[in-house]
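See below for the structure under consideration.
Chain identifiers are assigned alphabetically (A, B, ...) following the order of the sequence lines, protein sequences preceding nucleic acid strands; residue numbering begins at 1 within each chain. Every value quoted in this text rests on a predicted model; they were computed, and no experiment measured them.
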Amino acid sequence: MNPEKMTQESGAQEQPNSNRRQFLGTAAAALGGLSIAPGVLLYSVSHAKPADQPVTDAVRWGMLVDTSKCEDGCNDCVTACNEEHALTDTGRPETDAQWIRKLTVKDRLSGNSKSMPMMCQHCEHPPCVDVCPTGASFKRADGIVLVDKHICIGCRYCMMACPYKARSFIHEEIKDQKVEAPRGKGCVESCTLCVHKVDRGDGTTACAEACAKAGHRALIFGDLNDPNSEISQRLKKFGATQIRADLGLNTGVRYQGL
Amino acid sequence: MIRSMFKLLPLLLGLVFIAGPSYAGDRVKLPELAPAKGDKCVEPTDVMRRDHMEFILHQRDETVYGGIRTSKHSFAECINCHVTPRADGSYPRVSEKDHFCASCHSYASVKVDCFSCHADRPEKAIKRGAHGHSHASFKNFDVDTAQHRLAYKDDGSGITAQAEGSAQ
Amino acid sequence: MQNIRYSSIDGTSKGYYGLLGLFGLMALVGYLASHYMESHGHVVTGMTNQIVWGTPHVFAVFLIVAASGALNVASIASVFGKISYKPLARLSGLLSLCLLLGGLLVLVLDLGRPDRLIVAMTKYNFKSIFAWNIILYNGFFLIVGVYLWMMMERKMNRFTKPVGFIAFVWRLILTTGTGSIFGFLVARQAYDAAVMAPMFIIMSFSFGLAIFLLVLMAAYKWTQRPLGDALVFRLKNLLGVFVAAVLYFVIAFHLTNLYATEHHGIERFILMDGGIYTQLFWWVQILLGSLVPLALFYLPAFSKSRTAAAIGAVLVTIGGLAQMYVIIIGGQAFPLELFPGMEVSSSFYDGVVANYVPSMPEFLLGLGGVAIALAAVMAAIKALDFLPDSLADSVADPHYKPAASGSEATA
């Protein structure tokens, strides 16, 4: 098998739609980047949109996963996600939803093993959106791939199409959902990149927060369109890999250290 | 479908309100709406009675597609104000007749689809465990899946996959 | 060849009502099963986040594929002008509509939100082959409905050929769409192949004709109408060609995969190590569903036996269901290749063969779809003039020579 298939280096030049939005990105960056403490930047400031205005494609949200910092056995990102969205454990793991999961990837030849989280990759060209018959699977202007559960008919074709096994079907009735994470029987769902936190201007996700809290900082959330964001800077400096880059999906989640 | 049924609601209610009192004795009792927080709703009562679903629907698409989460017509705020605790401190569920939405909707026999996905009571009414999802399954996954794991052998010719106990 | 007279069947016998009642009961049970699945959620089925399409899809896709194939007999008559198939054209059109109805009902009732069917019918994402299929299925009902009208209304007969041509082209596109549901799944090892579309077309020829032959033989036997040997043997010989063609596509598909090292994992899974999927593939799809029918159709010992023809058609049907099972469920059971060449494990069944055991409600729902299709055929042939009074060779065979043919089968 050819490992090159998924590990095509994709530098920052392939950054999504950067040209078209360079101006906006730069303008926003000039406003943002306020430092509240040494080394801690309030990137979110540059992206805070007025509450009554819709999101635009001036930003493209993404995530960087630094596998060298991701600790084997640590499950904090998963726990945080489950808590944030009230994903409960029914004791039936085959049908329970998992928005984010820890993968162990082992090289058969060398025995080298790596740990990393896997979730919706928020593709620029998402196969789930292509195949959805009703248009319930969609990509928001700011690059977040979501399911409009109001028009999802539960056909599961998106689950067949997703290369990352990122989606879950809700197999049973759910009560007492979180206000920000409505979810119910018969629809498909997946990682929302904590869209409610993004809209609130938190500038991070539950998983990235938990990872930082655990002292790993293996997950960096940010704006891929903003050349000054931490994620863009690190991508530019160190490069990163897309999982199944051969499919040409231009994922919003990138991996370092694979 | 649902929307068109919603449109019938004010008509039905209107008829009931006009004709209601004089027939009250031999008709189904008018719904008793649960008390809400605050003095008044975000729109006049008669407007809300007729068009609440339009406001909710409009805001729904703005929120889902545009990320607009203003509170005026937000569904979450409907629940926060209108689903209030009973005397004993418990909150009604939508399956119970004293739930604000259910009281009227069951009376008018109009199905609400909102609560298959949305919580039917305010967040503060919901007790959650410290960790909603400890993921026992994660800890056990080696045991769980070992029996139908693909065992790969490196024999130089590529992959050999052995499926033990695949679907029977 | 004489003028063909069509008439509705009596449909007053105990046997007729008994069979109709049985199918009705199966349909009811199927509906109750779907209601059970809807009210409890799919947790009561064998389907999981790994095997997202289960037994209902096996039945549904089989019926939909067979539906377009059942129309072939009519197409051969009106588009390709083969006069000997003309008396069968009405039944062919009817059967195709009924099979499609049964298949679609199963598909719809297995949705997570079947109550939102109206959404599926009103909101379309035109980049989705699934959305196109919804349009193709609806169009098929309309076009074949008009086609039947052209055939059955004497004044409209002259339009039979052009409408038949449109129906033929439409059904080819429809089955291309069905095959492409799988062919377009770029990320899955078992699918993602352009050959899926033509393979589904040839599968439809085979499954559709097998069911057509069985329905035809049953209808004529139970109504005591004459059905000539020549006609039956002509149909089963044609079915044999289709069965062989399916086999060819299956071989070509697997050979292509076997050449590419990238696909060795999935090929090894289906052909050697896949447990139930391997068993189904070799024993049911290839041996029972393809090789045995070919022997029954063509070996001199059986080639003049109507019983052998009927058994062959039954086996083709069973083999077809097995083939669908292997494609749909076997294809999902094999894990997605997230990191080709690496060993992947997680709490979400990455890198392992997914477990799937069909549940009773799923199976009953699938059977319910079959029952609806057959019950609809029974009701229609009682209501309208679909069946020729006689399909005896002396009436329906253009090559009939009284001297050459000794006895005329009426059974």
Side-chain angles (χ1 to χ4, degrees), chain A residues 1-3 5-7 75 78 90 92-98 101-109 113-114 118 127 129-138 150-157 159-165 167-173 185-188 243-244 246-247 258, chain C residues 38-45 47-53 107 110-117 119-120 122-125 127-134 181-182 184-188 191 261-262 264-265 332 335-351 354-355:
Chain A
M1 312 291 282
N2 54 341
K5 193 170 180 185
M6 34 76 41
T7 58
N75 211 28
V78 178
T90 64
R92 291 178 282 276
E94 289 189 322
T95 48
D96 272 354
Q98 291 198 31
R101 62 192 193 269
K102 282 294 293 288
L103 279 188
T104 307
V105 180
K106 198 169 147 194
D107 186 341
R108 247 171 258 128
L109 187 70
S113 171
K114 287 190 173 68
M118 173 58 57
V129 172
D130 289 347
V131 302
C132 178
T134 65
S137 270
F138 72 101
H150 304 104
I151 56 170
C152 171
I153 57 173
C155 73
R156 285 104 79 202
Y157 196 22
M159 300 177 74
M160 293 289 278
C162 176
Y164 307 102
K165 203 167 180 289
R167 290 209 155 170
S168 298
F169 180 66
I170 307 183
H171 286 76
E172 47 200 304
E173 195 183 354
K185 182 185 73 188
C187 292
V188 176
I243 314 269
R244 289 299 307 266
D246 59 308
L247 297 172
L258 282 182
Chain C
E38 193 197 343
S39 52
H40 287 78
H42 278 61
V43 70
V44 297
T45 71
M47 287 177 265
T48 61
N49 282 325
Q50 288 60 246
I51 307 288
V52 303
W53 286 352
L107 203 61
D110 179 71
L111 290 176
R113 299 294 307 247
D115 53 323
R116 288 186 180 161
L117 184 61
V119 175
T122 49
K123 286 191 181 290
Y124 289 102
N125 163 28
K127 201 179 174 184
S128 166
I129 188 67
F130 223 101
W132 280 104
N133 275 319
I134 296 170
I181 287 177
F182 299 95
F184 287 2
L185 289 173
V186 291
R188 297 246 178 196
Y191 311 124
T261 314
E262 182 194 2
H264 283 184
Q332 295 173 82
L336 273 172
E337 291 257 21
L338 274 175
F339 295 84
M342 308 282 236
E343 202 178 293
V344 183
S345 57
S346 79
S347 61
F348 206 47
Y349 303 92
D350 287 283
N355 200 23

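Using a distance-only test at 3.5 Å, with no hydrogens or angles considered, no donor-acceptor pair links the side chain of C/R113 to the main chain of A/C187. Side-chain N or O atoms of C/N49 include one that pairs as donor or acceptor with a backbone N or O of A/D96 at under 3.5 Å. In this structure, A/R108 contributes its side chain and C/G341 its backbone to a donor-acceptor pair below 3.5 Å.
What you find for A/A161 and C/A187 is that their closest heavy atoms are O-CB, 4.0 Å. Across A/I153 and C/R116, no two heavy atoms sit closer than the pair CG2-O, 3.6 Å. Of all non-hydrogen atoms in A/P163 and C/L338, the two that sit nearest each other are O-CD2, 3.3 Å. Residues A/F169 and C/G112 share a closest heavy-atom pair of CZ-CA, 3.6 Å. For the residue pair C/T48 and A/T95, the shortest heavy atom distance occurs at CA-CG2, 4.0 Å. Looking at every heavy atom in both residues, A/E94 comes nearest to C/Q50 through O-NE2, 3.3 Å.
Contact count versus chain C (heavy atoms, under 4.5 Å) is highest, among A/E172, A/K106, A/R92, for A/K106. Ranked by non-hydrogen atom pairs under 4.5 Å with chain A, the options C/S128, C/A131, C/P114, C/G41 are led by C/S128. Here A/C132 is the residue among A/C155, A/C132, A/G135 with the most heavy-atom pairs under 4.5 Å with chain C.
Note that CG of A/D130 and NZ of C/K127 are 3.5 Å apart. Values are rounded to the nearest 0.5 Å. Within the model, atoms NE2 of A/H150 and NZ of C/K123 stand 11.5 Å from one another, a figure rounded to the nearest 0.5 Å. Here C/E343 contributes atom CD and A/T104 contributes atom OG1; the two are 10.0 Å apart, rounded to the nearest 0.5 Å. Between the CG atom in A/L103 and the CG atom in C/D350 there is a gap of 5.0 Å [rounded to 0.5 Å]. Rounding to the nearest 0.5 Å gives a distance of 3.5 Å between OG of C/S347 and CD of A/Q98. Put simply, NE2 on C/H40 and NZ on A/K185 are 8.5 Å apart, with the number rounded to the nearest 0.5 Å.
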If you apply the rule side-chain contact (heavy atoms from CB on, under 4.5 Å), what do you find for C/F339 with A/I243, and how did you get there?
CA-CA 7 Å; C/F339 295 84; A/I243 314 269; 3.1 Å; yes
Please report the C-alpha distance between C/M342 and A/K114 in whole Å, then the side-chain angles of each, then the deciding distance to 0.1 Å, and finally whether the side-chain contact (heavy atoms from CB on, under 4.5 Å) criterion is met.
CA-CA 11 Å; C/M342 308 282 236; A/K114 287 190 173 68; over 6 Å; no
Applying side-chain contact (heavy atoms from CB on, under 4.5 Å) to A/M160 and C/Y191, what does each step give before you reach the verdict?
CA-CA 10 Å; A/M160 293 289 278; C/Y191 311 124; 3.8 Å; yes
Can A/R167 and C/V52 be said to form a side-chain contact (heavy atoms from CB on, under 4.5 Å), step by step?
CA-CA 10 Å; A/R167 290 209 155 170; C/V52 303; over 6 Å; no
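For C/T122, no part lies near chain A; criterion is any non-hydrogen pair under 4.5 Å. For a residue to count as touching a neighbouring chain, one of its non-hydrogen atoms must lie under 4.5 Å from one of that chain's; by this rule A/R156 touches chain C with backbone and side chain alike. With a threshold of 4.5 angstrom between heavy atoms, A/V129 approaches chain C through N, CA, C or O but not through any side-chain atom. Residue contact with chain A, scored on non-hydrogen atoms closer than 4.5 Å, involves the backbone and the side chain of C/D110 alike. For C/L336, the part lying under 4.5 angstrom from a heavy atom of chain A is the side chain only. Of the two parts of C/I51, neither the backbone nor the side chain holds a non-hydrogen atom closer than 4.5 Å to a non-hydrogen atom of chain A.
The aromatic rings of C/W53 and A/Y157 sit parallel to each other, their planes meeting at less than 30°, with 60° as the upper class boundary.
For the salt bridge (charged side-chain N to carboxylate O under 4.0 Å, His left out) test, no residue two or more places apart in sequence or in another chain qualifies with C/R188.
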